[in-house]
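What follows is one structure encoded as structure tokens, with my remarks underneath.
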Amino acid sequence: MEISKYNFMKTKLYILVFTVLVLTISCKNSTKYSAKKEKTIGYVADKALIVSAREEASQIGIDILKEGGTAFDAMIATDLALTVAYPFAGNIGGGGFMVYRTSDGKTGALDYREKAPLAATKDMYLNDAKEIIEGKSTLGAVAIGVPGTIAGLFAVHKKFGTLPFEKLIQPAIDLANRGVVVTVKQAKRLEKYRELFREANNRTIALDKDWKAGDTIKFLALAKTLKRIRDNGRDEFYKGQTGQEMIDYLQELGGIITQEDLNKYEAKWRKPIQFTYKDLTITSMTLPSSGGICMAQILKSIEPYNIGQYAHNSEKYIQLLTEAERRAYADRSHYLGDIDFVAVPLDSLIDNNYLEKRMASFNWNQANKSSAISFGKIKAYESDETTHYSIVDQFGNAIAVTTTLNGAYGSKVYVEKGGFFLNNEMDDFSAKPGVPNMFGLVGAEANAIAPEKRMLSSMTPTIVEKNGKLLMVLGSPGGSTIITSVLQNILNVSEYNMGMQESVSKPRFHHQWLPDVVKIEPNGFDEETKSNLKNKGYKIDESNSVVIGKVDAILVLPNEKLEGGADPRGDDAAVGF
Ligand code: DON
């Protein structure tokens, strides 16, 4: 009896010591290698999923899938629904990029970016003293690029559509007639921009009311426009009544877009940029978006350092990414522009040897200074408001789309008869070398204004594969911060084993060479990390940007189900079945 009691006590003691040991080791591992942690999972769908800026838009796309449509059909329906439900960025008066991967693994991209009007000139935003005229490239009729969205959606339909276009546009028409309930965030935004609506339009516009959360806004003029597009097709927007009303209004406001500009607009199919990061194959947007190239440069620059060994959002993690970002954005500002107009040394820019040399001056003890880092030397070569949505359909097709008016409600110019806003995308050009645009980005000759040229973008619709299978679909708004938001989410999932919802909800940071600051989301980073970074010479900016990016993403789970990541920074929603 005594002996057995003793043995029992001894066993208990052994168990206790063993448990403490295991716990200590696993705790150590979890701080050092956070990749070992359990995945936290959000909203999961069995077969098909859409994540977008508004639940109405995600739901409309899903309804199309349920009727047997594909991701391409759903894209058209979702996009048009966002024009109604999310006029802040959803649009027919702007442009965007789409990256796709079909169920059999084929990838491609569509560029329906706005273009500079024929009458645009290099110095159009400068005064006689060659100084920037404040606001001219951001507010009002002269800030507008020739819109590409309708051309883009019809191009998608022509190549991939399986359901009639009329069926895909009808839900947006119905939604516009029925109206959309104003959310708290939306009410704040409408209030914030009301003065500018008046300024840009020289009058009050239909949206210019004291909207409260819970009110319903009906978009009756827009419903009529969409109906005409349904009945008359693509030409309605570019050559029909809608185009004519737009041109008349812009001329009244002193704009420079003409009927000829609308006649000449074409969307373009492009070969997306594709590169590897460790065991991932990443397909993303190529020029005229800098997104894919910049992201490739950053990920390839950090690849040799095995970033996953450092805790997520720790000092070393932030430092390494910041230094890679600094160099990539310096290259962006010098080399990148519309590939139809300027020669860009794409292969050299993402060459491993080149990137290794670029990182040679990185020092763990001290921040590099942007003033001391310029664009890299390449051997001779021939001469940020937006919205993103991600779709995976029941057939396995995946689509990433980022579309924009540029600033909030674009140029604020509202074609009253048509019921839609027009973009201010011209601000994405470099209006004067070295002078920052609204996202603080500087550019040079490669991104100078020229008639019919597409302005350089940062939009980064992206699809990630692992072992030849679809893994993630993602993208974000946020101007210059889009690229770094997307890549942080790729790292969250691949290096830190996060689920998709957990990943998009994590605090983010951003560096873009100039200004030489690390922007961080307020309250997202611990004091010690911030103070250590400051001691090494990093300037931390918590004030300027309340949110960095707004990522809507899909992750294919090991059991092949789909997890949605709908960014809590907005009213975004994942809907699936
Ligand atoms: O194309 C670009 O990079 C910018 N026009 C995107 C603007 C944007 O993301 C605004 N959203 N916050």
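Note that this is a predicted model, so its numbers are computed, not measured.
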For this session: Mark yes or no for whether Gln488, through its side chain, and Thr484, through its backbone, hold a donor-acceptor pair below 3.5 Å.
Result: yes

For this session: Could you verify whether a donor N or O on one side chain and an acceptor N or O on the other, from Ser52 and Ser58, lie under 3.5 Å apart?
Result: yes

For this session: Please determine, by modelled atom types, if Arg326 and Ser301 share a side-chain donor-acceptor pair under 3.5 angstrom.
Result: no

For this session: Indicate yes or no: at least one non-hydrogen side-chain atom of Phe525 is less than 4.5 angstrom from one of Ile318.
Result: yes

For this session: Report yes if some heavy atom in the side chain of Phe88 is under 4.5 Å from a heavy atom in the side chain of Thr387; otherwise report no.
Result: no

Problem set entry | Asp73 and Thr162: CA distance, side-chain angles, deciding distance, side-chain hydrogen bond (donor to acceptor under 3.5 Å, both in side chains) verdict | CA-CA 7 Å; Asp73 297 310; Thr162 67; 2.5 Å; yes

For this session: Give a yes or no on whether the backbone of Met438 and the side-chain of Asp427 come within a donor-acceptor separation of less than 3.5 Å.
Result: yes

Exercise. Glu521 side chain to Ile548 main-chain N or O, any donor-acceptor pair under 3.5 Å?
Worked result: yes

Exercise. Among Asp331, Val344, Ile273, whose side-chain contact (heavy atoms from CB on, under 4.5 Å) with Ile293 holds?
Worked result: Ile273

Exercise. Are side-chain heavy atoms of Tyr277 and Glu495 found at a separation under 4.5 Å?
Worked result: yes

Problem set entry | Side-chain heavy atoms of Gln501 within contact of Thr40, under 4.5 Å | no

Problem set entry | Asp347 atom CG, neighbour heavy-atom count above 12 within 6.0 Å | no

Exercise. Do Asp572 and Tyr389 have side-chain N/O donor and acceptor atoms under 3.5 Å apart?
Worked result: no

Problem set entry | Glu502 and Tyr496 side chains, donor-acceptor separation under 3.5 Å | no

For this session: Applying side chain to side chain contact (heavy atoms under 4.5 Å, CB included), run through Ile540 and Phe509 and close with a yes or a no.
Result: CA-CA 10 Å; Ile540 307 288; Phe509 65 94; over 6 Å; no

Exercise. With distance as the sole criterion, is a donor-acceptor pair present between the side chains of Thr529 and Glu315 under 3.5 Å?
Worked result: no

For this session: Go through the steps for Ser290 and Arg332 under the test side-chain hydrogen bond (donor to acceptor under 3.5 Å, both in side chains), then give the verdict.
Result: CA-CA 7 Å; Ser290 64; Arg332 179 195 192 279; 2.8 Å; yes

For this session: Output, in order, the C-alpha distance, side-chain angles, deciding distance and verdict of side chain to side chain contact (heavy atoms under 4.5 Å, CB included) for Leu474 and Val464.
Result: CA-CA 8 Å; Leu474 76 167; Val464 182; 4.2 Å; yes

Problem set entry | Side-chain heavy atoms of Val442 within contact of Pro436, under 4.5 Å | yes

Sequence neighbours excluded and cut-off under 3.5 Å, please list the side-chain donor-acceptor pairs for residues 145-155, or say none.
unit_1	atom_1	unit_2	atom_2	d
Thr149	OG1	Asn91	OD1	2.5
Thr149	OG1	Gly94	O	3.2
Thr149	OG1	Gly95	N	3.4

Exercise. For the side chain of Thr462 and the backbone of Ser284, is there at least one donor-acceptor N/O pair under 3.5 Å apart?
Worked result: no

For this session: Using the side chain to side chain contact (heavy atoms under 4.5 Å, CB included) rule, take Phe97 and Val99 through it: C-alpha gap first, then chi angles, then the decisive distance, then the call.
Result: CA-CA 7 Å; Phe97 299 110; Val99 171; 5.8 Å; no

Exercise. Looking at His312, Lys506, Arg508, which hits side-chain hydrogen bond (donor to acceptor under 3.5 Å, both in side chains) with Asn492?
Worked result: His312

Problem set entry | pair Val156-Tyr100: side-chain heavy atoms closer than 4.5 Å | no

Exercise. Is the side chain of Asp516 donor-acceptor paired with the backbone N or O of Ser370 at a distance under 3.5 Å, no angle test?
Worked result: yes

Seminar exercise, completed: From the list Asp428, Asp111, Asp338, salt bridge (Lys or Arg N to Asp or Glu O under 4.0 Å) partner of Arg454 resolves to Asp111

For this session: Could you grab the distance from atom CG of Leu562 to atom OH of Tyr43, nearest 0.5 Å is fine?
Result: 10.0 Å

Problem set entry | Within 6.0 Å of NZ in Lys158, more than 12 heavy atoms from elsewhere | no

Problem set entry | Exam field: side chain Gln297 to backbone Leu355, donor-acceptor pair closer than 3.5 Å | no

Exercise. Just by distance, do the side chain of Asn447 and the backbone of Leu456 share a donor-acceptor pair under 3.5 Å?
Worked result: yes

For this session: Indicate whether the side chain of Ser503 and that of Asn489 have a donor and an acceptor atom separated by less than 3.5 Å.
Result: yes

Problem set entry | Other residues, nucleotides, ligands: >12 heavy atoms within 6.0 Å of Lys377 NZ | yes

Exercise. Above 12 or not: heavy atoms from other molecules or residues under 6.0 Å from NZ of Lys357?
Worked result: no

Exercise. Would you call Glu445 and Lys122 a salt bridge, taking side-chain N to carboxylate O under 4.0 Å as the test?
Worked result: yes

Exercise. Within the side chain of Asp541, is there an N or O that forms a donor-acceptor pair under 3.5 Å with the backbone of Val518?
Worked result: no

Problem set entry | Test item: Glu563 side-chain N/O and Leu557 main-chain N/O as donor-acceptor pair under 3.5 Å | no

Exercise. Under 30°, 30 to 60°, or over 60°: which ring-plane class applies to Phe72 and Phe160, parallel, tilted or perpendicular?
Worked result: parallel

For this session: Start with the C-alpha gap between Thr402 and Thr460, add the side-chain angles, then the distance that decides, and say whether side chain to side chain contact (heavy atoms under 4.5 Å, CB included) holds.
Result: CA-CA 7 Å; Thr402 316; Thr460 315; over 6 Å; no

For this session: Pick out which of Val493, Val51, Val473, Ile554 makes a side-chain contact (heavy atoms from CB on, under 4.5 Å) with Met500.
Result: Val493

For this session: Applying salt bridge (Lys or Arg N to Asp or Glu O under 4.0 Å) between Asp340 and each of Arg113, Lys453, Lys268, report the one that passes.
Result: Lys268

For this session: Using atom types as modelled and distance alone, determine if a side-chain donor or acceptor of Asn306 lies under 3.5 Å from a backbone N or O of Gln309.
Result: no

Problem set entry | Under-4.0 Å salt bridge between Glu560 and Lys469 | yes

For this session: Measure from NZ or CZ of Lys534 to the centre of the six-membered ring of Tyr538, then state whether that distance is under 6.0 Å and the direction lies within 45° of the axis.
Result: no

Problem set entry | Spacing of NZ belonging to Lys550 relative to OG1 belonging to Thr481, to within rounding of 0.5 Å | 12.0 Å

For this session: Inspect the surroundings of NZ in Lys47 and state if more than 12 heavy atoms from other residues, nucleotides or ligands are less than 6.0 Å away.
Result: no

